[in-house]
Each structure stands twice: as structure tokens, then as C-alpha cells.
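Notes to accompany the following structure.
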2 protein chains.
Amino acid sequence: MLKGHLDAIVLAALEAGPAHGYAIIEAIKTRSSSTFDLPEGTVYPALHRLEQAGLLASTWTTPAGGRRRRIYSLTKAGVAALADRRKAWGRFSHAVDMLLGGGRAWPA
Amino acid sequence: MLKGHLDAIVLAALEAGPAHGYAIIEAIKTRSSSTFDLPEGTVYPALHRLEQAGLLASTWTTPAGGRRRRIYSLTKAGVAALADRRKAWGRFSHAVDMLLGGGRAWPA
DNA sequence: CTTCCATACCTAGTTATACTAGGTATATGC
DNA sequence: GCATATACCTAGTATAACTAGGTATGGAAG
């Protein structure tokens, strides 16, 4: 369960350049060493949501002798949102690390 | 949004010893440097859920001249679950770090 | 040559979870 | 005596992730 962090992951996947949905899924799987093998039903709606929110833009392409693809790229707002999400992830994961790392006794 | 990780946080808060709900909320706030200032409506239902699942046990106490408190403690299953959740968090956060840390170009 | 798999997209509906917004009650400080 | 902090609770809401389907093409295997 990625709840709340999927957007950041998808945005980050597009940081290196535009890509289509299926490639994004593969990239997330590869770059997470298969920790995240996301079903399409998770990623496609997320892409639509992010486009709706103005963080992504898309165009249809049909490569020579290929299937139609929808290419997504980060908008300016998307780049900014990614930076925000990264900071939020840093704060979040640091806080959880503190809480889980613990094992200290209760403060008096 | 803590989705999916709240259980681990609550279980970890009880690792150092039994405590009541309100104290757990305070401890989470303190030990996360106020990153997590969880509303009661989040924590109490979570405690009930975890008790229902057999990961926590509770007893009522009334300290001298005090309000009634429900003291929660980890069960054996709760200790085991915490260990699992910790591992899951490690895998999860490491994977997200890889994905967000990136910025590399697409592999050919 | 056809059958299967990988590619590539989609959505309606379910589920689970965190949160909102209330409510109750006691002890303490001003 | 009134506000604040302590201490508990629950019904309802929002929404995100996932399940489980559906469509269609290209290439490989048989």
C-alpha cells in the first residue's frame, strides 16, 4: 500500500523525460527492484487524476508499426508539485523512522 | 496521510510498555517532532481495530483522583506484527527512496 | 496460420483507512 | 465559576488504491 505517495512516485518517474503509462509501470517496477509491481488499475487512474489536476500533460502518438500510446510529461505545476512531494516524503519518512527506530523507555 | 503505516506507529509506541490512548497520541506527537499530530478520531478507532485483531489487549484503570483510562499493551501477536511492519516499512521506504532519489535518464 | 503472450489502453465498482465533526465527562488553573 | 487540558467515544465522509473486468494490436511459437 502506497497510499498518499503514489503521486510522488509517478511524478518522479516522469522527471527524466516524457513516457507513456505502460513504460511508467515498468520503470517503477524495475527501479524499485519489483517492490512496487503496480496494477494498471492503480496507475492509469492516477495519471488521469494528475492530468486533471494540471500536473501532467498528455499527447497521443502512434510509432511506426506500433500501438497507440499516450505520452505524459510534467507540466510546470507538476515539477513544482514533485519538489513539494519530495520534501513531504523526506519529512514523513524521517518521522516514521524516529517512531519505529525507537525502543526507548517512556519519558518521565 | 499515514495510510497503511499507522498500525506500525501505534504498535511501536507500545513497544516500550503499556500506555493509554491519549498518552500514545502525545508520544507520537513528541517523538515525531510534531510531524504527526494525530486527531483522536484517527487513533482511537485504530486502537479498537488492533485490539479486535488480537494485536493489543486493554484493561480499564482509575488512578487515584484521576480520570478513567484504558491501558493498552502489545500481545504476542502484536509483537510479531510489529516486527513484520518494521520490515515492511524498511522495504517500502527504501523502494520509495530509490524512486524519488533518482533523476537518472531512462534506460535504453 | 492460429494461438498465446506481451504490449497498451480503459473504467465501474469494491474496500479499507484516515479523518471530520460531533458528543460525554472529570480535574486543574485562572 | 469558567476555560483548558485530560480522556474517552462514534457515526459519517472522503478518497485512494485495488479488483476485475473489457478492448485491441504485434510478434513469437507451434
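Note that the structure is a prediction, hence the values are computed from the model and not measured. Chain identifiers are assigned alphabetically (A, B, ...) following the order of the sequence lines, protein sequences preceding nucleic acid strands; residue numbering begins at 1 within each chain. Because only heavy atoms are used, hydrogens play no part in the values below, and waters and symmetry mates are left out as well, while side chains stay in.
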Assess whether atom NE2 of A/His94 is packed by more than 12 heavy atoms of other residues, nucleotides or ligands within 6.0 Å.
-> no
Using the side-chain contact (heavy atoms from CB on, under 4.5 Å) rule, take A/Glu40 and A/Tyr22 through it: C-alpha gap first, then chi angles, then the decisive distance, then the call.
-> CA-CA 8 Å; A/Glu40 303 177 5; A/Tyr22 203 82; 3.7 Å; yes
Length of the [atom1]-[atom2] vector between [X] and [N], whole Å:
{"X": "B/Glu26", "N": "D/dC8", "atom1": "CD", "atom2": "C1'", "value": "14 Å"}
{"X": "B/Arg70", "N": "C/dT26", "atom1": "CZ", "atom2": "P", "value": "19 Å"}
{"X": "A/Arg69", "N": "C/dT7", "atom1": "CZ", "atom2": "C1'", "value": "8 Å"}
{"X": "B/Ile24", "N": "D/dT6", "atom1": "CD1", "atom2": "C1'", "value": "15 Å"}
{"X": "B/Leu6", "N": "C/dA16", "atom1": "CG", "atom2": "P", "value": "16 Å"}
{"X": "B/Lys29", "N": "D/dA5", "atom1": "NZ", "atom2": "P", "value": "10 Å"}
{"X": "B/Phe92", "N": "D/dA17", "atom1": "CZ", "atom2": "C1'", "value": "12 Å"}
{"X": "B/Lys3", "N": "D/dT13", "atom1": "NZ", "atom2": "C1'", "value": "11 Å"}

Among the nucleotides D/dC8, C/dT7, D/dA17, whichever has the atom closest to the side chain of A/Thr42 is D/dA17
Given D/dC9, D/dA17, D/dA7, which nucleotide is nearest the side-chain atoms of A/Arg49?
-> D/dA17
Classify the side-chain pair B/Ser58/B/Arg70 by whether it contains a donor and acceptor separated by less than 3.5 Å.
-> yes
At under 4.0 Å, does any side-chain N or O of [X] touch on OP1 or OP2 of [N]?
{"X": "A/Tyr44", "N": "C/dC10", "answer": "no"}
{"X": "B/Arg68", "N": "D/dC8", "answer": "no"}
{"X": "B/His48", "N": "D/dT10", "answer": "yes"}
{"X": "A/Arg67", "N": "C/dA8", "answer": "yes"}

In terms of hydrophobic clustering (I, L, V, M, F, W, Y; side-chain heavy atoms under 4.5 Å; direct or indirect links), are B/Ile71 and B/Leu74 co-clustered?
-> no
Please answer whether the main-chain N or O of B/Ala95 pairs with a side-chain N or O of A/Ser32 as donor and acceptor at a distance below 3.5 Å.
-> no
Would you indicate what A/Gly21 reaches in the nucleic acid, counting non-hydrogen atoms under 4.0 angstrom: base, sugar-phosphate, or nothing?
-> sugar-phosphate
Which comes earlier along DNA chain D counting from the 5' end, the contact point of A/Asp7 or that of A/Glu40, where each point is its nearest nucleotide?
-> A/Asp7
